[in-house]
Amino acid sequence: LIGTESEFWTAPEAGRAIRWLPKDLVLTLRPSVLAALPRVPPGPDRWAILIALVRSGATEFTAELKAACEQGELGDAANEVLPILSMSDPAWTAEWVLQLVRRGEDVKEDWLEFATNIPAERIASLISMSLSDRSDLHRLRARLRALRRLAPAETAQAAMAVLREEDQAL
């Protein structure tokens, strides 16, 4: 097996390779991976290694993956991380997605599924808050598009009616 001092662990290939290894092989390599991990700098390869470790049961790395999500460092790896984190901490995952929505960031449609456990009253409150701040119409549209998927039908329809009025006013 690959030793802990091998340059493999700090090479870009490490993250790409370990991502596709079967879970049982990751478990076999785990001691070597854990020993080498401190030398792997933050970035896509480290996230791929952490994802593989967490998938194999090393839940002690979920906090690092959460921090990387919160700092916006994961990029496309977030598509792999969110399902994993939602299984171990659905409340955190829902809150993180809701924070993106609140900031008016474009949230991927499938990420909204992780926030479906947010109470309807809270979603309605966020819609009201969004409608009261119309200083940035692009962000308003992004928030409302996401929130309408999470809101009860009547609340979503009311929000979209206001958005149509904004569009007509322009």
Side-chain angles (χ1 to χ4, degrees), residues 1-123 125-127 139 142-153 156:
L1 294 178
I2 301 168
T4 59
E5 297 304 315
S6 170
E7 290 183 25
F8 170 78
W9 296 113
T10 55
E13 296 81 21
R16 285 181 281 219
I18 200 168
R19 166 180 275 143
W20 304 113
L21 294 178
K23 185 178 174 178
D24 58 337
L25 185 53
V26 173
L27 288 171
T28 301
L29 289 172
R30 184 179 166 146
S32 295
V33 175
L34 292 176
L37 192 60
R39 296 185 303 115
V40 180
D45 294 310
R46 182 176 182 85
W47 311 147
I49 291 169
L50 293 179
I51 290 166
L53 286 168
V54 171
R55 278 189 182 143
S56 71
T59 57
E60 65 267 28
F61 297 104
T62 57
E64 186 173 346
L65 288 173
K66 288 176 183 179
C69 278
E70 290 170 347
Q71 295 165 6
E73 296 175 348
L74 288 178
D76 289 338
N79 292 326
E80 291 181 73
V81 170
L82 289 180
I84 295 167
L85 293 179
S86 75
M87 290 175 66
S88 63
D89 195 346
W92 180 90
T93 308
E95 281 300 319
W96 183 76
V97 169
L98 213 51
Q99 285 176 19
L100 295 178
V101 170
R102 224 180 276 132
R103 291 193 304 250
E105 295 183 25
D106 288 324
V107 177
K108 295 180 180 189
E109 284 288 316
D110 52 336
W111 291 7
L112 294 173
E113 296 301 318
F114 300 116
T116 56
N117 62 345
I118 302 292
E121 307 80 42
R122 186 146 178 237
I123 298 298
S125 171
L126 285 169
I127 289 174
R139 289 189 187 272
R143 279 193 299 267
L144 292 179
R145 272 195 307 272
L147 290 170
R148 83 167 179 230
R149 288 253 343 262
L150 301 172

Which atoms form the tightest heavy-atom contact between [X] and [Y], and what is the distance?
{"X": "A94", "Y": "A115", "value": "CB-CA, 3.9 Å"}
{"X": "L85", "Y": "C69", "value": "CD1-SG, 4.2 Å"}
{"X": "V33", "Y": "I18", "value": "CG2-CD1, 3.8 Å"}
{"X": "P83", "Y": "A78", "value": "CD-O, 4.4 Å"}

Any heavy-atom pair between the side chains of [Y] and [X] that's under 4.5 Å?
{"X": "E80", "Y": "W47", "answer": "no"}
{"X": "L37", "Y": "R46", "answer": "yes"}
{"X": "W111", "Y": "L82", "answer": "yes"}
{"X": "D89", "Y": "W96", "answer": "no"}
{"X": "V54", "Y": "V81", "answer": "no"}
{"X": "V97", "Y": "V107", "answer": "yes"}
{"X": "R55", "Y": "V26", "answer": "no"}

Whether over 12 other heavy atoms sit under 6.0 Å from D110 CG: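 Yes, CG of D110 has more than 12 neighbouring heavy atoms, counting only those of other groups under 6.0 Å.
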Enclosure of K108 NZ (heavy-atom neighbours >12, cutoff 6.0 Å):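 More than 12 heavy atoms, drawn from other residues, nucleotides or ligands, come within 6.0 Å of this atom.
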Distance from [X] atom [atom1] to [Y] atom [atom2], nearest 0.5 Å?
{"X": "L21", "Y": "L27", "atom1": "CG", "atom2": "CG", "value": "11.0 Å"}
{"X": "D24", "Y": "R30", "atom1": "CG", "atom2": "CZ", "value": "14.0 Å"}
{"X": "L65", "Y": "T59", "atom1": "CG", "atom2": "OG1", "value": "11.0 Å"}
{"X": "E70", "Y": "E95", "atom1": "CD", "atom2": "CD", "value": "11.0 Å"}
{"X": "L34", "Y": "L29", "atom1": "CG", "atom2": "CG", "value": "10.5 Å"}

Are any side-chain N or O atoms of T116 and backbone N or O atoms of L112, one a donor and one an acceptor, separated by less than 3.5 Å?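 Not a single qualifying donor-acceptor pair exists.
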Test of understanding: with side chain to side chain donor-acceptor pair (under 3.5 Å), list the residues that count as partners of Q99, not counting sequence neighbours.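 Partners of Q99 by the side chain to side chain donor-acceptor pair (under 3.5 Å) criterion come out as none, since no residue qualifies.
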Using the rule given for side chain to side chain contact (heavy atoms under 4.5 Å, CB included), can you reason through I51 versus I84, listing the C-alpha separation, both sets of side-chain angles and the distance that settles it, and then say yes or no? CA-CA 8 Å; I51 290 166; I84 295 167; 3.6 Å; yes
